[in-house]
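The next block holds one structure in the form of structure tokens; read it before the comments.
Chain naming here is simple, since letters A, B, ... match the order of the sequence lines and numbering starts at 1 in each.
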Amino acid sequence: MNFKKFRRLLGKTAFCLLLLLIVGYTVFPFYWAIVSSLKSGAALFKVEFWLSDPYWENYVAVFREQPFGRNILNSLFVSVSTVVVSLALALAAAYAIGRIQFRGRMLLLFMILGVSMFPQVAVLSGMFELINALGLYNNLLALSLSYMIFTLPFTVWVLTTFMRELPKELEEAAIVDGASPLAIVWHVFMPLMGPALVTTGLLAFIAAWNEFLFALTFTLSSEMRTVPVAIALISGASAYELPWGNIMAASVIVTVPLILLVLVFQRRIVSGLTAGAVKG
Amino acid sequence: MPMLMVLALVAGWPLIKTIAYGFTDASLIDPESANFIGLDNFTYLLQDSYWWSSVWNTVVFAVVSVSLETVLGLIIALTLHAHFPGRGGLRAAILIPWAIPTVVSAQMWNWMYNDVFGVLNHVFLLLGLIDDPVAWTASPDTALLSIIIVDVWKTTPFMALLLLAGLQMLPQECYESARIDGVHPIKVFFRITLPLLKPTLMVAIIFRLLDALRVFDLVYVMSGNNHNTMSMSVYARQQLIDFGGLGFGSAASTLIFLIIALFTIMYLSVARVGRES
């Protein structure tokens, strides 16, 4: 009996250790970034796990030494416009695919899924030419436009999945009452799709906020850069003197709002992610 | 449908253009004056040892990091599947790496990997695991491994959440009868959980493989255009933008597209099989 009790205790301890290990593994790198961002130049180069007195100068320096405020506004503009346009387009498309019977519907859906698997680099040169032809090089609209390639397939796919689960009787009643398809989308589906729209919008926002390849290639001046490009290209006096304090401060600034968003909408994000992958 | 028009504009048209450029000697400065040169770009590409090393790096990166992610993700998913106080907190904690932008994770780890001031060298030296500080991202022996570790850290949460969703959909009856029969938990895992979870696992693995094969930002931020770690996407972008070889870079892009398309077709057939069963 005693042996069994001991084994149980051992099992419990091992489980707790496992939990601690998982939390440490996932949280430590970000914790370290925060600690490093609050260290002065000299303290930065000593490894200390606790912070004795926070040093805020790095956070000021990021905004002083490069147009980081402008970069944040750029990222916000690009992400929000991408989300709004792709949600509007995807909602109409999801209605058509989920509700209206037409030939080649499945083929269309698989084609959209196929586009979501596109490696971005495969369209890079064609996209470059398209953007030049439209005169959008080094313009934020180039990013909003090109980001459609990964936000649209994803939003269409998830919204179609949600649309299919809604009861058909609702819109049948609306059709009997003589509502137009647009009115049906607007008055019947919009209220019901609210949660789904928030989820997909949030995931599309994160994807657009984090995008790097297009943002790096289609912008030139530092005023036009989005946040990821700005952080990747922060440099010091020489390649061997990277201003790590500034880099960490910039990283914390752009990540904290994102983490808060994700934690607040935790459940929705998990359901959106799994709807996109598992149910598909 | 307006959605289709936009998709054709941003996906269809650029793809066709890219493939078309692949057969020309176009340059970035003057794309108009391009001559058709047939398969020359492709034959040259297949002889370039840097292309092959980038293919090899990408494959190693994708296979190693996806396998590690699957194992770790499965462990975390099984942990989250158990009932214990603070489960919500753990789920929140594992979402943090997922929420952090890739570029930011790359920079955070770059700092931890720093050869002189990095926390990793400090801890490993204290523990006696290494005798001298290691230049993790610069040394050819450890550079690719360092990048893989960051990718595993960043994408394991996604894997864990997908697998957790799969675990929660499994029928409970099998587990109850196994418990009544007194089957050992490890046996239950290999005989019941793993076979039942196989469809979810397959989808998740292929999904992640596709993602890993097109890796760009992580490799680019962590080691730039270094040939020891260069991935296929970094190679194509370097040819295209830095060297201005619109035609040659497009040929590389087209080849990457074909490789990934092959995997996509596999994915679609697996997804279809999963849907029918």
So, the part of A:Tyr147 with a heavy atom under 4.5 Å from chain B: the answer is neither
Quick one: what part of A:Leu261 sits under 4.5 Å from any heavy atom of chain B, side chain, backbone, both or neither?
neither
Sort out for me which of B:Asp217, B:Leu255, B:Thr18 touches chain A most, counting heavy-atom pairs under 4.5 Å.
B:Thr18
Looking at B:Val234, B:Leu258, B:Asn110, B:Thr156, which has the largest count of heavy-atom pairs under 4.5 Å with chain A?
B:Asn110
Pick one of side chain, backbone, both or neither for A:Leu203, based on which atoms fall under 4.5 Å of a heavy atom in chain B.
side chain
Between B:Asp151 and B:Lys154, is there a side-chain N and carboxylate O pair less than 4.0 Å apart?
no
Honestly, the part of B:Ala252 sitting under 4.5 Å from a heavy atom of chain A is neither
At a 4.5 Å cut-off on heavy atoms, which part of B:Leu240 comes close to chain A: side chain, backbone, both, or neither?
side chain
Mind checking which of residues 16-25 of chain A sit less than 4.5 Å from chain B, heavy atom to heavy atom?
A:Leu18, A:Leu19, A:Ile22, A:Val23, A:Tyr25
Would you tell me whether B:Gln107 and A:Ser251 have side-chain atoms, one donor and one acceptor, within less than 3.5 Å of each other?
no
Given a strict heavy-atom distance threshold of 4.5 Å, which part of B:Trp153 is in contact with chain A: side chain, backbone, both, or neither?
both
Under 4.5 Å heavy-atom distance to chain B, tell me which part of A:Tyr95 shows up: side chain, backbone, both or neither.
neither
Between B:Arg237 and B:Phe216, is NZ or CZ placed under 6.0 angstrom from the six-membered ring centre and within 45° of the ring axis?
no
Could you pull out all donor-acceptor pairs under 3.5 Å where a side-chain atom in residues 89-102 of chain B meets a protein atom, sequence neighbours excluded?
| residue | atom | partner | partner atom | Å |
| --- | --- | --- | --- | --- |
| B:Arg91 | NE | A:Gln266 | OE1 | 3.0 |
| B:Arg91 | NH2 | A:Gln266 | OE1 | 3.1 |

Strictly by modelled atom types, are A:Ser125 and B:Ser250 linked by a side-chain donor-acceptor pair under 3.5 Å?
yes
Let me know if A:Val156 has heavy atoms under 4.5 Å from chain B in its side chain, its backbone, both or neither.
side chain
Structural part of A:Leu213 lying under 4.5 Å from a heavy atom of chain B
both
Of B:His122, B:Lys17, B:Met232, the largest count of non-hydrogen pairs under 4.5 angstrom with chain A goes to B:His122
Which region of B:Val150, side chain (C-beta onward) or backbone (N, CA, C, O), has a non-hydrogen atom less than 4.5 Å from a non-hydrogen atom of chain A, or is it both or neither?
neither
Given a strict heavy-atom distance threshold of 4.5 Å, which part of A:Met127 is in contact with chain B: side chain, backbone, both, or neither?
both
Side chain, backbone, both or neither of A:Ala96 within contact of chain B (heavy atoms, under 4.5 Å)
side chain
Does any backbone or side-chain atom of A:Leu152 lie under 4.5 Å from a heavy atom of chain B? Answer side chain, backbone, both or neither.
side chain
Under 4.5 Å to a heavy atom of chain A? For B:Leu72 that would be side chain
Relative to chain A, which segment of B:Thr79 carries a heavy atom at a distance below 4.5 Å: side chain, backbone, both, or neither?
both
